[in-house]
Amino acid sequence: MFTTSDHEYMTLALREAEKGLFSTTPNPRVGCVLVNHGKIIGQGAHLKAGEPHAEIIALGDAKQHFPDLIKGADVFVTLEPCSHFGLTPPCANALIDAGVKRVVVAMQDPNPKVAGSGLAQLSHAGILVQSGLMEVEAQALNAGFINRMTQNRPFVRLKIAASLDGGTALANGESQWITGESARLDVQHWRARSCAILTGSGTVIADDPQMNVRHIQGARQPLRVIVDSQLRISPEAKILVGSNTLIAYAKDTQQHADKLTHLQATLLNIPGNDGRVCLKALLSHLASLGINELMVEAGQTLNGALLADDLVDELIIYYAPLLLGSNARGMLAIPALQSMQDRLALKLIDVRQFGRDLRVIARPIRR
């Protein structure tokens with residue numbers, strides 16, 4: 001169905017889409033390439049919400065350099081062209097008006113406002129439409145957007161730094177540093193592509209982290225989210241510097257609410273039946289804010305609670321070549337299993353080395 005050249009052009013479109021890795025939130029990352037008689041005449045990527053979509057950028061590029069070759073061109077785009085008016089006009093109309101001959105799409109748009117209507121509109125206009133080319137790669141690029149549209153929650157990545165025997169900190173809480181500089185720099189890239197970073201009050205109290213993006217040029221700072229059921233964190237915590245912090249709580253036991261609000265932190269009261277923050281409700285709220293990808297950097301209690309609620313989509317574990325012993329704090333606080341049938345199976349996605357540390361990316365295999 002698709003030629004070798006088709007794969008090459010879609011690969012280029014995917015590379016274009018990656019240019020928006022750190023900036024398109026809440027929109028998906030999309031790339032587009034225009035080709036006529038084997039010649040690339042235009043290409044572009046969507047970079048920021050409210051700015052032109054990839055198809056419009058690519059058409060503009062072609063108009064500037066090869067205006068006579070746009071009519072009859074083939075279009076390779078990583079996501080179905082939109083068919084509705086949002087912050088920008090519909091791209092399907094622009095492609096039809098340009099007179100393109102063929103549109104090859106990697107994946108259908110999961111947004112209910114589009115969801116096949118863009119492809120139908122193109123086809124109705126007499127344009128040859130083909131979809132599914134390199135769909136897996138396109139889905140991986142927009143896993144968060146897909147999750148938000150289909151499950152009403154972000155794609156949740158659980159990041160853990162651990163010793164080879166599974167320790168994340170000494171019994172007294174000391175944890176800096178388990179992994180080396182190369183691994184910690186890699187973490188910054190994952191932070192930069194995330195719309196929000198989630199941590200727990202225990203981590204904030206013990207480590208006083210900033211949870212911001214460093215060393216990544218041009219990256220925007222993700223929303224910092226703290227799960228603090230009893231609202232225990234100090235108003236002096238570094239994570240509260242700036243106005244980009246949301247605190248989810250169940251009860252204000254320390255009477256900190258007024259002070260935290262005065263510091264421009266956003267407070268969200270969402271108690272669950274157990275007196276703790278309802279994590280499912282929190283993720284649903286984050287989805288309503290346009291959060292596509294959520295990175296979790298927390299302790300074993302919050303990690304275990306997310307996993308127990310089946311809210312973890314991916315684990316990124318950095319293993320350092322050292323041992324912390326049986327008294328060290330673990331990665332996940334989950335109830336003791338009574339049978340091997342209860343074990344959680346994982347699918348390995350990627351394994352590679354960063355400096356002296358090993359990074360393992362895995363996804364839960366849901367039953």
Side-chain angles (χ1 to χ4, degrees), residues 156-188 190-191 194 197-212 214 224-230 232-234 237-239 274 276-277 279 294-340 342-364:
V156 178
R157 287 190 179 91
L158 199 64
K159 170 260 172 182
I160 300 173
S163 60
L164 286 182
D165 56 346
T168 60
L170 300 180
N172 62 10
E174 184 181 350
S175 62
Q176 296 183 344
W177 295 102
I178 290 178
T179 54
E181 186 176 350
S182 294
R184 296 199 300 273
L185 180 58
D186 186 59
V187 170
Q188 294 298 320
W190 290 104
R191 282 186 182 182
S194 301
I197 300 173
L198 178 70
T199 192
S201 58
T203 298
V204 174
I205 293 170
D207 299 337
D208 197 20
Q210 293 177 292
M211 292 294 180
N212 57 4
R214 302 180 293 276
R224 297 169 296 184
V225 184
I226 307 168
V227 174
D228 188 2
S229 292
Q230 306 303 315
R232 300 183 301 138
I233 67 169
S234 167
K238 292 178 182 178
I239 200 170
D274 58 358
R276 299 181 178 181
V277 168
L279 297 175
L294 176 67
M295 184 168 176
V296 181
E297 298 189 50
Q300 60 180 347
T301 300
L302 182 53
N303 288 347
L306 288 164
L307 198 63
D309 285 348
D310 197 24
L311 297 175
V312 176
D313 298 294
E314 190 169 84
L315 295 96
I316 304 179
I317 305 175
Y318 296 87
Y319 285 106
L322 48 86
L323 303 173
L324 295 184
S326 59
N327 291 328
R329 298 183 182 182
M331 295 189 288
L332 300 153
I334 56 178
L337 304 183
Q338 302 302 315
S339 168
M340 284 297 287
D342 297 329
R343 67 182 185 259
L344 177 64
L346 302 174
K347 178 182 179 181
L348 289 178
I349 304 299
D350 184 74
V351 179
R352 66 182 66 183
Q353 192 165 353
F354 287 84
R356 62 185 178 87
D357 306 312
L358 192 67
R359 189 192 72 186
V360 175
I361 299 180
R363 293 184 179 178

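None of the values given here were measured: they were computed from a predicted structure. Numbering starts at 1 and runs along the sequence shown.
- Counting non-hydrogen atoms of other residues, nucleotides and ligands closer than 6.0 Å to OH of Tyr319 gives a total of 12 or fewer.
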I would like to know whether Thr199 and Leu302 meet side-chain contact (heavy atoms from CB on, under 4.5 Å); could you show each step before the answer?
CA-CA 8 Å; Thr199 192; Leu302 182 53; 5.7 Å; no
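- Across every non-hydrogen atom of Arg214 and Gln188, the tightest pair is N-OE1, 2.6 Å.
- Side-chain contact between Thr203 and Glu297 is absent, with no heavy-atom pair separated by less than 4.5 Å.
- Residue Asp310 holds its CG atom at 8.5 Å from CG of Leu344, rounded to the nearest 0.5 Å.
- The structure places CE of Met295 at 11.5 Å from CG of Leu198, a figure rounded to the nearest 0.5 Å.
- The minimum heavy-atom distance between Ser182 and Gly355, with the atom names listed, is CB-N, 3.7 Å.
- Atom CG of Asp165 and atom CG of Leu322 lie 8.0 Å apart (nearest 0.5 Å).
- Considering CG of Leu306 and CD1 of Ile334, their distance stands at 12.5 Å, rounded to 0.5 Å.
- Enclosure of atom CZ in Arg191 by more than 12 non-hydrogen atoms of other residues, nucleotides or ligands within 6.0 angstrom is indicated.
- In Gln353, the CD atom is crowded: over 12 heavy atoms of neighbouring residues, nucleotides or ligands sit closer than 6.0 Å.
- Just one residue in the list Ile349, Leu346, Asn303, Val296 forms a side chain to side chain contact (heavy atoms under 4.5 Å, CB included) with Leu315, and that residue is Leu346.
- For residues 317-330, no pair satisfies salt bridge (Lys or Arg N to Asp or Glu O under 4.0 Å), with sequence neighbours left out.
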Verdict with supporting geometry, Ser229 and Val277, side-chain contact (heavy atoms from CB on, under 4.5 Å)
CA-CA 5 Å; Ser229 292; Val277 168; 3.8 Å; yes
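- With contacts defined as side-chain heavy-atom distances shorter than 4.5 Å, the pair Asp228/Val204 does not qualify.
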Show your working on side-chain contact (heavy atoms from CB on, under 4.5 Å) between Arg359 and Asp350 and close with a plain yes or no.
CA-CA 8 Å; Arg359 189 192 72 186; Asp350 184 74; 2.9 Å; yes
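- Seen from the ring of Trp177, Arg184 counts as a face-on cation partner, given the 6.0 Å and 45° thresholds.
- The two residues Ala328 and Gly167 make their nearest non-hydrogen contact at CB-CA, 4.0 Å.
- Among all heavy-atom pairs drawn from Glu314 and Pro364, the shortest one is N-CD, 4.2 Å.
- When all heavy atoms of Ala298 and Gly200 are compared, the closest pair comes out as CB-N, 4.0 Å.
- Note: Ile226 CD1 to Ser201 OG = 8.5 Å, rounded to the nearest 0.5 Å.
- Under a 3.5 Å cut-off, the side chain of Thr168 and the backbone N or O of Gly330 do form a donor-acceptor pair.
- A 4.5 Å side-chain heavy-atom check between Tyr318 and Asp186 finds at least one atom pair inside the cut-off.
- With hydrogens and angles disregarded, a donor-acceptor distance shorter than 3.5 Å links the side chain of Asp313 to the backbone of Val156.
- Considering only residues two or more places apart in sequence or on other chains, Asp357 meets the salt bridge (charged side-chain N to carboxylate O under 4.0 Å, His left out) condition with none of them.
- The CZ atom of Arg157 sits 5.0 Å away from atom CH2 of Trp190, with the distance rounded to the nearest 0.5 Å.
- Nearest heavy atoms, Ala162 versus Met331: CB-SD, 3.8 Å.
- When the salt bridge (charged side-chain N to carboxylate O under 4.0 Å, His left out) test is applied to Asp274, no partner is found at least two apart in sequence or on another chain.
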